[in-house]
Amino acid sequence: MPESLRLERLTLAIADLPPYLAGVRLVHLSDFHCDGVRLSPRLLARAIALTNELQPDLVVLTGDYVTEEPEPIAVLATALQGVRSRAGTYAVLGNHDLLYPRSRACIAGALQGAGVQVLWNEVAYPLGPGLAVVGLADYWSPQFAPAGVMGTVPLRVPRLVLAHNPDSADALTPWRVDLQVSGHSHGGQVVIPGLGPVVGLVKRGRTWLPQGVARAVPLLWQDWFDVVKDWRRSAGLHTVGNNRLYINRGLGTYWPGRWFCPPEVTLLCLESR
Ligand SMILES: [Fe+2]
């Protein structure tokens, strides 16, 4: 079932956020999968137009710009040049942006050329010293190493962490993370309202069945099973230790489509606490 783009709005109180940043507006986009198949040009154009209508102070992107070969990033990078915000666009890469040896350089280079700042275990202060924006290497890459960069941010400074894979939130509990934004799960794409993503229900159901019966369960969802550790944490706002995690359902769509899981543009408004 094709579903139309949905705007999600959240207001979050952030400790130590300086008064000059109260009410700051962030737009979060994720999981484009620009490959000629999984993201329609119309949806991409609508997502960018909606982003601009929201007049954000900052735009953040959490990876999976392409699906396999990196070259389609040229199309997406051109489109992203149309994104407008006061302090720019900051991004991290996802697992699909690292599939080939040339992928990382190709994708990061195209994004940088379009004015998007790509963070790879780096911190930036696009809104001034009162809010750190930390961008991590993808959790599934050997370069995922939060310790060095998290340790460089002064303790009293609130942090927004960009990390493609929401499972990385468990590894970040030793540090203060006021808000982590992630994607990767696509929200499970096929969701039964009130019960959650079908992939999670099938995965959990298989563990309850006797092995012989479990083997007979159709393997339709097998490729999805381990995308995230626990599908109950695959979209929306969650608490992980002392930290908060927001998971965006993404824009691109894999077979067999989306059901009660529309592609998403997120507006995050930060308030002082
Ligand atoms: Fe993805």
Side-chain angles (χ1 to χ4, degrees), residues 2-3 5-6 8 27-41 43-44 47-48 59-73 75-77 79-80 89-100 103-104 106-108 110-111 116 118-120 135-141 144 161-169 180-191 196-200 203 221-231 233-236 238 245-266:
E3 289 193 84
L5 186 65
R6 184 178 297 172
E8 302 287 356
V27 168
H28 174 207
L29 306 172
S30 196
D31 293 78
F32 295 83
H33 291 279
C34 183
D35 58 7
V37 176
R38 294 176 180 85
L39 177 70
S40 75
L43 180 64
L44 176 60
I48 291 175
V59 175
V60 292
L61 315 176
T62 49
D64 281 6
Y65 306 98
V66 299
T67 303
E68 292 186 8
E69 292 81 5
E71 283 73 19
I73 190 63
V75 174
L76 181 59
L80 289 173
T89 302
Y90 285 72
V92 289
L93 303 185
N95 54 302
H96 282 271
D97 307 317
L98 305 167
L99 288 183
Y100 295 88
S103 293
R104 181 180 159 193
C106 177
I107 290 170
L111 291 173
V116 175
V118 179
L119 302 176
W120 181 265
L136 298 177
D138 182 55
Y139 183 58
W140 285 351
S141 82
F144 177 77
V161 172
L162 317 183
H164 175 67
N165 188 325
D167 282 347
S168 60
Q180 172 179 341
V181 290
S182 296
H184 182 60
S185 61
H186 300 197
Q189 287 197 185
V190 179
V191 170
V198 168
V199 59
K203 183 179 178 181
W221 295 97
Q222 187 83 59
D223 286 349
W224 279 84
F225 279 171
D226 298 319
V227 168
V228 291
K229 283 186 276 196
D230 184 347
W231 283 95
R233 199 175 75 191
S234 57
H238 299 265
L245 164 67
Y246 185 79
I247 308 169
N248 181 309
R249 295 184 300 269
L251 292 169
T253 298
Y254 271 68
W255 185 90
R258 290 178 180 264
W259 189 271
F260 294 107
C261 188
E264 170 176 350
V265 169
T266 317

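These numbers were taken from a predicted model, which means no experiment stands behind them. Counting convention: from 1, in listed order, for ligands and their atoms alike.
- Between Lys203 and Asp226 there is a salt bridge, since a side-chain N of the basic residue sits under 4.0 Å from a carboxylate O of the acidic one.
- The angle Asp64:OD2 - the Fe ion (ligand 1) - His33:NE2 amounts to 90°, with values rounded to 10 degrees.
- Of the N and O atoms on the side chains of Thr67 and Asp35, at least one donor lies less than 3.5 Å from an acceptor on the other residue.
- Note on His186: counted as a metal contact of the Fe ion (ligand 1), an N/O/S atom lying under 2.8 Å.
- With values rounded to the nearest 0.5 angstrom, Asp167 atom CG is found 8.0 Å from Trp140 atom CH2.
- Shortest distance from the Fe ion (ligand 1) to Asp31 is reached at OD2 (N/O/S atoms only).
- Ring pair Tyr65/Phe32 is parallel by interplanar angle, where below 30° counts as parallel and above 60° as perpendicular.
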